[in-house]
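First the structure, which I've put down as structure tokens, then a few questions once you've had a look.
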Amino acid sequence: MSEDENNMEEYPTEIHDYLTAFEKTLSSVDEMLKKMMSVSRSELLRKLDPLEQAKLDLVSVYTLNSMFWVYLATQGISPKEHPVKQELERIRTYMNKVKEIADKKKASKLDKGAASRFVKNALWEPNAENEHTSKTPAKGKKRQ
């Protein structure tokens with residue numbers, strides 16, 4: 001009997017696909033952590049602006065707490081009743097705040113002068129009769 005066949009007997013076959021997916025995910029997390037750990041933290045933070053630093057810190061702490069959640073579950077401890085649940089919720093709150101800040105930064109700025117000119121020009125269209133007989137000059141840009 002090979003080692004794979006022996007391992008198959010240790011757990012129900014119904015969860016084999018779940019375990020395979022878990023193993024792949026764990027491998028990808030391991031690769032990402034190796035990449036992050038290959039660069040010193042101070043060097044990494046120098047390259048990032050404060051918002052990106054906050055994102056990196058939040059993702060790091062969220063990942064660590066999520067891994068602890070999985071550890072608790074594998075030990076038969078319900079993570080839903082453990083303080084790690086509140087910690088994950090707290091981190092998610094800060095992640096949402098950082099996302100709001102990032103979205104505000106990305107939002108386009110309104111040029112109020114240009115907007116008022118667009119509205120004014122869209123609403124007011126002089127006809128030929130009023131243009132020649134009008135005694136008051138049109139408000140807006142002066143012609144030179």
Side-chain angles (χ1 to χ4, degrees), residues 1-128 130-131 134 136-144:
M1 210 180 240
S2 72
E3 187 176 333
D4 287 337
E5 291 173 357
N6 191 21
N7 288 341
M8 289 291 289
E9 292 177 10
E10 293 180 18
Y11 59 88
T13 57
E14 298 87 33
I15 64 169
H16 179 72
D17 292 338
Y18 294 112
L19 290 174
T20 303
F22 178 72
E23 184 179 21
K24 287 179 184 177
T25 303
L26 197 57
S27 296
S28 67
V29 168
D30 187 42
E31 287 176 30
M32 285 186 254
L33 284 173
K34 285 179 182 177
K35 286 180 187 178
M36 278 184 66
M37 300 303 279
S38 68
V39 180
S40 72
R41 181 165 169 73
S42 60
E43 183 181 331
L44 185 61
L45 291 178
R46 268 187 271 136
K47 295 178 183 178
L48 300 174
D49 65 6
L51 188 61
E52 295 298 319
Q53 290 176 9
K55 286 180 183 180
L56 176 67
D57 287 340
L58 286 169
V59 167
S60 299
V61 74
Y62 190 83
T63 302
L64 184 62
N65 279 284
S66 295
M67 291 171 65
F68 187 67
W69 175 287
V70 171
Y71 171 77
L72 289 173
T74 61
Q75 299 303 307
I77 300 169
S78 175
K80 292 179 182 179
E81 298 162 4
H82 193 274
V84 73
K85 181 179 180 187
Q86 287 83 20
E87 183 65 13
L88 286 168
E89 289 172 1
R90 186 180 72 87
I91 296 165
R92 251 187 248 122
T93 302
Y94 286 114
M95 290 173 109
N96 288 334
K97 287 180 182 181
V98 167
K99 185 180 184 306
E100 287 175 15
I101 292 168
D103 290 346
K104 284 181 183 178
K105 266 184 137 178
K106 290 179 185 177
S108 60
K109 305 282 187 224
L110 177 65
D111 182 356
K112 291 181 181 178
S116 65
R117 288 190 300 273
F118 281 127
V119 170
K120 186 176 185 177
N121 288 329
L123 295 177
W124 183 71
E125 291 185 25
N127 56 24
N130 289 344
E131 192 172 277
S134 176
T136 59
K139 293 180 182 176
K141 291 185 180 178
K142 293 182 181 179
R143 297 185 188 192
Q144 294 178 349

Check salt bridge (charged side-chain N to carboxylate O under 4.0 Å, His left out) between K34 and all other residues, then give those that pass, not counting sequence neighbours.
->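 Applying salt bridge (charged side-chain N to carboxylate O under 4.0 Å, His left out) to K34 gives D30.
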Among K99, K106, K105, which residue meets the salt bridge (charged side-chain N to carboxylate O under 4.0 Å, His left out) test with D103?
->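 Looking at K99, K106, K105, the match for D103 under the salt bridge (charged side-chain N to carboxylate O under 4.0 Å, His left out) is K99.
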For residues 18-52, which residue pairs qualify under ring-ring contact (aromatic ring centres under 6.0 Å, His included), counting only residues two or more places apart or in two chains?
->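 Not a single pair qualifies under ring-ring contact (aromatic ring centres under 6.0 Å, His included).
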Is there any side-chain hydrogen bond (donor to acceptor under 3.5 Å, both in side chains) pair reaching into residues 62-76, and which pairs are they, with sequence neighbours excluded?
->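 Counting only pairs at least two positions apart or across chains, the side-chain hydrogen bond (donor to acceptor under 3.5 Å, both in side chains) contacts touching residues 62-76 are Y62-R92.
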Can you sort out the partners of D17 under salt bridge (charged side-chain N to carboxylate O under 4.0 Å, His left out), two or more places apart, ordered by chain and number?
->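 Here no residue qualifies.
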K55 versus V98, closest heavy-atom pair with distance |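 Heavy-atom minimum between the residues: CG-CG1, 3.6 Å.
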Working for side chain to side chain contact (heavy atoms under 4.5 Å, CB included), residues M36 and L56 = CA-CA 10 Å; M36 278 184 66; L56 176 67; 3.7 Å; yes
Exercise answer: donor-acceptor pairs, residues 76-89 side-chain atoms, under 3.5 Å, sequence neighbours excluded:
unit_1: H82; atom_1: ND1; unit_2: V84; atom_2: N; d: 3.1
unit_1: E87; atom_1: OE1; unit_2: R90; atom_2: NE; d: 3.2
unit_1: E87; atom_1: OE2; unit_2: R90; atom_2: NH2; d: 2.7

How many angstroms lie between atom CG of N96 and atom CD1 of I101, to the nearest 0.5 angstrom?
->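 Result: 11.0 Å between the selected atoms.
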At what distance, to the nearest 0.5 angstrom, does CD of Q53 lie from CG of L44?
->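 Answer rounded to 0.5 Å: 8.5 Å.
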Not counting sequence neighbours, list each pair that qualifies as a side-chain hydrogen bond (donor to acceptor under 3.5 Å, both in side chains) and has a residue in residues 35-49.
->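 The answer is R41-D57.
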